[in-house]
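To start, the structure under review is shown below, and the notes come after it.
Keep in mind the model is a prediction, meaning the values are calculated, not measured.
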Amino acid sequence: MTGWTAQAVLGAAADWTWAPPDARQVRTDDYQLVEYPEHYFTYPVCVLWSRSERPVGELIGEVGGHVRAWGHTEMHWDVSAATRPASTEAELLRRGATLADTAQVLGYDMTQGPPGPGELPGVRTEVVRDEAGVRAAQLVNREVWGDGGEPAAADIERELGEARSELTDWSAFRVVSFVDGEPAGFGGCTLAGEVARLWGAGTRAALRGRGAYRAVLARRMAVASEHGATLALVKGRVETSAPILRRAGFRVYGEQRSYRLVLDAGTAR
């Protein structure tokens with residue numbers, strides 16, 4: 001990638017962590033542990049990263065203590081090539097952790113131009129700016145990640161406020177796609193210097209295969225490029241989005257795996 005070495009891409013991926021402002025968390029020099037509010041479509045409690053010189057058993061025991069104090073009996077732990085100690089993954093497995101999700105770290109040099117076709121016939125996209133856009137995005141997200149229920153007025157108001165606040169300085173933005181007028185796909189983007197962090201993309205099951213995902217991808221990258229981004233970075237699920245991204249020209253630079261660990265007496269060993 002022009003201007004982006006593999007090491008630089010992996011460094012940008014390691015720097016990419018996010019916790020919502022209303023989340024409870026513990027962040028130290030060794031790890032970041034986050035408890036997500038119920039309205040976020042993710043794991044309830046997760047270690048986003050861990051890089052420590054301490055014994056891994058001591059680290060897991062300390063984190064487990066926080067999780068128990070919050071009233072949970074399990075947690076997720078993300079590991080990658082940047083995780084330290086290097087034995088963290090093996091120790092989680094020894095304690096009975098199971099693989100919950102695998103994502104590939106994918107990058108695309110946007111100075112090469114757009115990644116294939118953008119909007120196909122019958123497909124359009126828009127940046128989320130108003131209540132109608134938020135409701136369309138909510139519909140997609142709830143069907144893809146949640147229970148498909150009708151969002152509460154407070155959820156709409158909260159998300160609309162977030163979307164509008166992000167657009168004041170273009171620190172982030174959200175894109176929704178429509179197929180024949182129906183909300184079909186959604187994806188967000190956070191701008192961190194020259195890096196466009198692409199997240200949360202998904203398409204409603206009934207409208208897949210119509211170009212909704214590719215349209216959301218192309219629109220996010222076009223807008224990000226307009227605001228100075230030169231690298232598009234995605235952590236794509238190996239079973240779903242990663243194959244689409246690879247076909248669009250993204251390169252694989254590594255993996256991030258998330259393990260689910262049920263807490264028991266062994267957590268303190």
Quick one: [atom1] on [X] to [atom2] on [Y], what's the gap to the nearest 0.5 Å?
| X | Y | atom1 | atom2 | answer |
| --- | --- | --- | --- | --- |
| Arg174 | Glu166 | CZ | CD | 4.0 Å |
| Gln138 | Leu160 | CD | CG | 10.5 Å |
| Asp169 | Leu191 | CG | CG | 9.0 Å |
| Glu62 | Leu33 | CD | CG | 10.0 Å |

So [Y] and [X], do their side chains get closer than 4.5 Å, heavy atoms only?
| X | Y | result |
| --- | --- | --- |
| Tyr31 | Val26 | yes |
| Val175 | Val223 | no |
| Trp77 | Leu261 | no |
| Asp180 | Leu207 | no |
| Thr88 | Tyr259 | no |
| Leu263 | His72 | no |

Quiz item: So among Arg84, Arg27, Gln256, which one has a side-chain contact (heavy atoms from CB on, under 4.5 Å) with Trp49?
Solution: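 Per the side-chain contact (heavy atoms from CB on, under 4.5 Å) rule, the option paired with Trp49 is Arg27, out of Arg84, Arg27, Gln256.
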Can you check whether [Y]'s main-chain N or O pairs, donor with acceptor, with [X]'s side chain at less than 3.5 Å?
| X | Y | result |
| --- | --- | --- |
| Arg260 | Glu74 | no |
| Ser52 | Asp30 | no |
| Ser225 | Ala222 | no |
| Thr5 | Ala8 | yes |
| Arg219 | Thr125 | yes |

Practice problem: Decide if atom CG of Asp22 counts as having more than 12 heavy atoms of other residues, nucleotides or ligands within a radius under 6.0 Å. | Solution: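 Above 12, so yes.
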Quiz item: What orientation do Phe250 and Tyr108 show, parallel under 30°, tilted 30 to 60°, or perpendicular over 60°?
Solution: tilted
Exercise. Would you kindly check if the NZ (Lys) or CZ (Arg) of Arg197 is within the cone defined by 45 degrees around the ring axis of Trp199 and under 6.0 Å from the six-membered ring centre?
Key: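 No, Arg197 and Trp199 do not form such a contact.
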Quiz item: Charged N to carboxylate O below 4.0 Å: is that the case for Asp78 and Lys235?
Solution: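 Salt bridge: no.
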Quiz item: Taking all atoms of both residues into account, what is the closest heavy-atom pair of Ala201 and Tyr213, and its distance?
Solution: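 The answer is CB-CE1, 3.6 Å.
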